[in-house]
2 protein chains.
Amino acid sequence: MQKNRRQTTILKLITAKNIGRQEELAEMLENKGFSVTQSSVSRDLDELGIIKIGGFYALPQKPRNAVAFGLLSLQTAGENLIVAKCESGLASAVAVRIDAMDIKEIVGTIAGDDTIFIAVGGKDEQKTVIKKIWETFDK
Amino acid sequence: MQKNRRQTTILKLITAKNIGRQEELAEMLENKGFSVTQSSVSRDLDELGIIKIGGFYALPQKPRNAVAFGLLSLQTAGENLIVAKCESGLASAVAVRIDAMDIKEIVGTIAGDDTIFIAVGGKDEQKTVIKKIWETFDK
DNA sequence: CGATTTTATGCAAAGTTTCTGCATAATCAA
DNA sequence: TTGATTATGCAGAAACTTTGCATAAAATCG
């Protein structure tokens, strides 16, 4: 399955260059060895949450209120882990909030000083959890 | 897909009656409208974590002394992680005990307030470690 | 121990789900 | 409005999951 590698490449491409059309992106991917049409690029962008800002594709800004609560980013590490970066010293506080959400897909969380590890059962759960956390912190 | 409904039914059946053979379970499922062979029942029981206790299938009991030591549950998250839930504040203490067991399949542990992450090399090691931990705490 | 019963598993087929391209509809920009 | 760009219904392809069969492995009984 090359969807994941392709989407990773898309993320790199849009941060490296200003890309204004999906067709353009599709061509760049072809050059990198991916065989893909505009249709799929459209769906990829949707799944990655990439939107057009000022005529170019980019990752949406971080919800500012999340930052207010100390949460800076959510990244995946493999299929079973989500790593949350927080402002220094606030990881525990953020983790408490996350635990309080009582998300059933979360197997467990551990907080350090500025990092939280969130264990999940698999790929799908990972997606769901990230979505739920952002939703809650984005208020 | 009727796997999920079937497994739910299995859970109900084994708590309602004493069932000693997989073939027996398969027949009961047939009566309830599921078409299933012993092979699948075997796999279901494995997935549900059901084991034979005193000649009958049952969900494994939580060793009562484990609770006394603060350990509440062990769950997996993927093949490389075991998540231990503990009573609030006791995770470090439980982790120390686990580390002291010197289980060679454990790559590393990290403890938060009420959660421990235990890293293992793979599926088999995961099974072994869970078994060893329960055994030790069940004394 | 050896025989018999019970359980686990490699493999291939069937069943499901996910991914993709095509054609085209919907949206956007000028 | 018109042309350019993006989104989407649908059908086929590809990937993954579930299952039964046959049989290997393990447990039980005498």
Side-chain angles (χ1 to χ4, degrees), chain A residues 1-11 13-14 17-60 76 78-80 105 121-128 131, chain B residues 1-11 13-14 17-60 76 78-79 122-128 130-131:
Chain A
M1 209 235 292
Q2 70 179 78
K3 192 184 166 196
N4 281 300
R5 288 197 313 121
R6 190 182 65 223
Q7 293 192 344
T8 306
T9 307
I10 289 179
L11 282 172
L13 284 172
I14 65 147
K17 299 192 178 191
N18 283 344
I19 300 173
R21 281 177 312 120
Q22 295 182 358
E23 204 59 61
E24 206 177 329
L25 201 40
E27 278 162 31
M28 298 175 88
L29 287 166
E30 291 283 351
N31 291 340
K32 290 203 169 260
F34 295 94
S35 153
V36 71
T37 59
Q38 173 268 324
S39 303
S40 293
V41 170
S42 170
R43 284 182 275 239
D44 284 344
L45 293 175
D46 182 47
E47 284 169 30
L48 291 166
I50 292 171
I51 56 172
K52 222 171 187 175
I53 300 175
F56 302 111
Y57 287 107
L59 278 168
T76 61
E79 295 188 355
N80 301 286
E105 289 87 357
K123 222 194 249 177
D124 294 346
E125 289 84 351
Q126 203 177 49
K127 259 191 189 168
T128 309
K131 209 174 139 203
Chain B
M1 208 235 294
Q2 70 179 82
K3 192 184 165 196
N4 280 302
R5 289 197 313 121
R6 190 182 64 225
Q7 293 193 343
T8 306
T9 307
I10 289 179
L11 283 172
L13 284 172
I14 65 147
K17 300 192 179 191
N18 284 343
I19 300 173
R21 282 177 310 122
Q22 295 182 359
E23 203 58 61
E24 207 177 327
L25 201 41
E27 278 163 30
M28 298 174 87
L29 287 166
E30 291 283 351
N31 291 339
K32 290 204 169 263
F34 295 95
S35 153
V36 72
T37 61
Q38 173 268 325
S39 303
S40 293
V41 170
S42 169
R43 284 181 275 239
D44 283 344
L45 293 175
D46 182 48
E47 284 169 30
L48 291 166
I50 292 171
I51 55 172
K52 223 171 185 174
I53 300 175
F56 301 112
Y57 287 106
L59 280 167
T76 62
E79 296 187 357
K123 225 193 242 178
D124 295 345
E125 289 85 350
Q126 203 177 50
K127 260 190 189 169
T128 310
I130 290 177
K131 211 174 135 201

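Just so we're on the same page: letters track the sequence lines, and every chain starts at 1. Computed from heavy atoms alone, side chains included, the values below leave out hydrogens, waters and symmetry copies.
Between the side chain of A:Glu30 and the main chain of A:Val36, a donor-acceptor pair closer than 3.5 Å is present.
Contact annotation: side chain of B:Ser40 to base of D:dT18, donor-acceptor pair absent below 3.5 Å. Contact of B:Ser42 with C:dT9 (side chain to base): no donor-acceptor pair of N or O atoms is detected under 3.5 Å.
Going from atom NZ of A:Lys3 over to atom P of C:dT17 covers 16 Å, rounded to whole Å. Per the geometry, CD belonging to A:Gln38 stands 11 Å off C1' belonging to D:dA4, to the nearest Å. Note: CG (A:Leu29) to P (C:dT20) measures 11 Å, nearest angstrom. Put simply, CD on A:Gln22 is 5 Å from P on D:dA7, counting in whole angstrom units. The separation between A:Asp46 atom CG and D:dT6 atom P is 13 Å, rounded to whole Å. Atom-to-atom, CG of B:Asn4 to C1' of C:dT17 comes out at 14 Å; the value is rounded to the nearest Å. Nucleotide D:dT19 holds its C1' atom 10 Å from the CG atom of B:Asp44, rounded to whole Å. For B:Arg5 and D:dT18, the CZ to P distance is 15 Å, given to the nearest whole Å.
A distance of 10.5 Å separates CD of B:Gln38 from CZ of B:Arg21, quoted to the nearest 0.5 Å. Note that the CD atom of B:Glu47 and the CG atom of B:Asn4 stand 9.0 Å from one another [nearest 0.5 Å]. Expressed to the nearest 0.5 Å, how far CG of B:Leu29 lies from CZ of B:Arg5 amounts to 11.0 Å.
Closest contact between the side chain of B:Arg43 and the listed nucleotides C:dC22, D:dT19, C:dT6 involves D:dT19. If you check C:dT6, D:dT6, D:dC10 against the side chain of B:Lys52, the one that comes closest is C:dT6.
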| task | Could you check A:Tyr57 against A:Gln22 for side chain to side chain contact (heavy atoms under 4.5 Å, CB included), going step by step and ending with a plain yes or no? | result | CA-CA 9 Å; A:Tyr57 287 107; A:Gln22 295 182 358; 3.3 Å; yes
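You'll find the side chain of B:Leu25 reaches within 4.5 Å of the side chain of B:Leu45, heavy atoms only. Residues A:Ile50 and A:Asp44 form no side-chain contact, since every pair of their non-hydrogen atoms from C-beta on lies 4.5 Å or further apart.
Within the helix from C:dC1-D:dG30 to C:dA30-D:dT1, the inter-axis angle between the opening and closing five-pair segments is 50°, rounded to 10°.
Within the nucleic acid shown, B:Val41 has no heavy atom closer than 4.0 Å to any nucleic acid atom. Among the heavy atoms of the strands, none lies under 4.0 Å from B:Gly55.
Comparing A:Glu23 and B:Gln2 along DNA chain D, the residue whose closest nucleotide (by nearest heavy atom) sits nearer the 5' end is A:Glu23. Take the nearest nucleotide of DNA chain C for B:Ser39 and for B:Arg21: the residue whose nucleotide is more 5' is B:Arg21.
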